[in-house]
Amino acid sequence: MALIVHKYGGTSMGSTERIRNVAKRVAKWARAGHRMVVVPSAMSGETNRLLGLAKELAPAKPTTPYNRELDMLAATGEQASSALLAIALQSEGVEAVSYTGWQMGVQTDSSYTKARIERIDDERVRADLDAGRVVVVTGFQGVDELGNITTLGRGGSDTSAVAIAAAMKADECLIYTDVDGVYTTDPRVEPDARRLAKISFEEMLEMASLGSKVLQIRSVEFAGKYRVPLRVLSSFTPWDIDINEEAVSGTLITFEEDETMEQAVVSGIAFSRDEAKISVLGVPDKPGIAYHILGAVADANIEVDVIIQNLSKDGKTDFSFTVNRAEFARTVDLLKTKVLPTLGAADIVGDTKICKVSIVGIGMRSHVGVASKMFRVLSEEGINIQMISTSEIKTSVVIDEKYMELAVRALHKAFDLDQPAN
Ligand code: ADP
Ligand code: ASP
Ligand code: MG
């Protein structure tokens with residue numbers, strides 16, 4: 001009798017009919033003798049709808065009182081879907097109970113809209129499981145030590161599910177979504193993308209951090225830290241498919257390389273439109289400049305991604321970096337008011353119409369020439385590379401947003417990702 005955590009995303013919970021389908025699937029697992037904890041997202045579109053209402057009343061302000069209320073609001077989406085799922089389970093004849101993050105004891109820090117889970121108290125859930133109930137726990141939300149409701153960032157229900165699986169030492173965490181696994185790239189952009197039967201934890205971590213929204217990055221971090229067996233699979237298969245067949249479908253996130261893993265040099269392509277580029281022009285080229293600029297940005301809690309500094313000419317240089325697009329205006333404002341006056345730089349220019357495209361693969365560790373092949377492919381398509389960043393298992397380029405899909409498709413083909421690897 002295994003302890004299994006299921007997570008169902010917004011599309012999978014998107015209507016009462018789909019919720020009934022989820023309930024039937026969960027009931028099947030419970031009847032097969034498993035102890036079941038289920039973590040649903042809000043019904044699709046609901047979180048956007050709620051946040052849209054807030055925006056109508058007040059434009060987004062990155063302030064604590066405002067963000068506290070955003071979390072109060074957004075958390076209701078998951079509360080509703082959890083209760084609906086528990087009701088659907090009961091009508092399938094399964095004993096079920098739903099809990100919010102605070103009832104369950106999902107303790108987080110107080111960073112509203114992007115809180116981090118610190119502790120999970122699973123006593124109440126264990127008691128229910130012992131009593132033979134299926135437990136439904138809201139995704140996406142927690143509570144800080146003062147009792148304020150917090151949320152975990154967009155896509156955060158993945159993290160709730162994996163964190164609960166880690167805390168409860170679940171035998172497996174199954175992330176049910178609207179695709180049947182992790183693909184070589186987003187199948188919405190490249191129809192020839194292929195599902196991977198397995199992907200290494202490190203590659204999944206890079207893919208998620210570089211923009212593949214199929215799993216929220218923190219869920220992958222939790223899975224790595226606590227070695228949670230994690231699988232991404234479809235909620236759109238018939239609910240009554242054979243449970244053994246279902247249990248091995250989708251994509252398994254693996255922690256050790258094994259001989260059955262695909263041996264491709266590049267395993268996947270990730271992309272992100274959430275980027276904006278800022279260049280500080282005519283900066284005096286002397287020690288401490290990077291710290292002067294980026295220190296101020298970090299102090300404002302703004303995350304910087306790709307950074308380049310150009311060659312200096314006449315003692316002056318240009319310094320460029322990218323930030324999340326949502327932080328663009330705040331960063332420019334900060335630089336103009338706090339940094340430019342003391343830096344002696346000439347000007348600041350920004351570009352919000354950029355994107356980042358990345359190739360990812362642990363095979364890049366042992367192969368040379370992978371990045372240069374990427375640059376060649378992009379040059380053959382006439383795509384100008386504005387910035388480059390590399391690590392052991394990925395190369396990212398910043399390019400004009402309008403070439404994003406072209407770049408993804410060209411790279412997908414050039415690295416043979418549409419072909420089954422040997
Ligand atoms: P959910 O609501 O179930 O959490 P998401 O929309 O957050 O679903 O994530 C699933 C989506 O992720 C897919 O519909 C797909 O468009 C997108 N996606 C991006 N990159 C990938 C990838 N490499 N493999 C599979 N899906 C991906
Ligand atoms: N409902 C939240 C969102 O839309 C969390 C999630 O779906 O994972 O971001
Ligand atoms: Mg998601």
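Indexing begins at 1, ligand by ligand and atom by atom, following the structure's order. For the single chain, residues carry numbers from 1 onward in sequence order.
Side-chain contact between Arg218 and Arg116 is present, with at least one heavy-atom pair separated by less than 4.5 Å. Proximity of Ile385 to Phe375: side-chain heavy atoms (C-beta onward) are separated by under 4.5 Å at one or more points. No side-chain heavy atom of Tyr8 sits less than 4.5 Å from a side-chain heavy atom of Arg18. Cys355 has its side chain out of reach of Lys402: every pair of non-hydrogen atoms, C-beta onward, lies at least 4.5 Å apart. At least one side-chain heavy atom of Asp180 sits less than 4.5 Å from a side-chain heavy atom of Arg195.
Under 4.0 Å is where a charged nitrogen must lie from a carboxylate oxygen, and between Asp122 and Lys169 no such pair does.
Within the listing of ligand 2, atoms 3 (C), 5 (C), 6 (C), 8 (O), 9 (O) sit less than 4.0 angstrom from a heavy atom of Gly155.
Within the 4.0 Å heavy-atom shell around ligand 2 one finds Glu78. Heavy atoms of Gly156 approach ligand 2 to within less than 4.0 angstrom.
With Thr108 as the fixed residue, the side-chain contact (heavy atoms from CB on, under 4.5 Å) test singles out one of Ile117, Ile120, Asn148, Val143: Ile117. A side-chain contact (heavy atoms from CB on, under 4.5 Å) with Ser98 is found for exactly one of Val137, Val136, Leu85, Val38, namely Val136.
Note: no N/O pair closer than 3.5 Å links Gly153 and ligand 2 by distance alone. Between Arg154 and ligand 2, at least one N/O pair is under 3.5 Å apart. For a threshold of 3.5 Å applied to N or O pairs, the pair formed by Ser41 and ligand 2 contains at least one separation below that value.
Scanning all protein heavy atoms for the shortest distance to atom 6 (C) of ligand 2 gives Ser157 OG, 3.4 Å.
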Could you check ligand 1 for N or O atoms lying under 3.5 Å from protein N or O atoms and list the pairs with distances?
unit_1: ligand 1; atom_1: 2 (O); unit_2: Gly10; atom_2: N; d: 3.1
unit_1: ligand 1; atom_1: 3 (O); unit_2: Thr177; atom_2: OG1; d: 2.6
unit_1: ligand 1; atom_1: 4 (O); unit_2: Lys7; atom_2: NZ; d: 3.0
unit_1: ligand 1; atom_1: 7 (O); unit_2: Lys213; atom_2: O; d: 3.4
unit_1: ligand 1; atom_1: 8 (O); unit_2: Thr177; atom_2: OG1; d: 3.1
unit_1: ligand 1; atom_1: 14 (O); unit_2: Asp178; atom_2: OD1; d: 2.8
unit_1: ligand 1; atom_1: 14 (O); unit_2: Arg188; atom_2: NE; d: 3.3
unit_1: ligand 1; atom_1: 14 (O); unit_2: Arg188; atom_2: NH2; d: 2.6
unit_1: ligand 1; atom_1: 16 (O); unit_2: Asp186; atom_2: OD1; d: 2.8
unit_1: ligand 1; atom_1: 16 (O); unit_2: Asp186; atom_2: OD2; d: 3.3
unit_1: ligand 1; atom_1: 16 (O); unit_2: Arg188; atom_2: NE; d: 2.6
unit_1: ligand 1; atom_1: 23 (N); unit_2: Tyr183; atom_2: O; d: 3.0
unit_1: ligand 1; atom_1: 24 (N); unit_2: Tyr183; atom_2: N; d: 2.8

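No more than 12 heavy atoms of other residues, nucleotides or ligands sit less than 6.0 Å from atom CD of Glu303.
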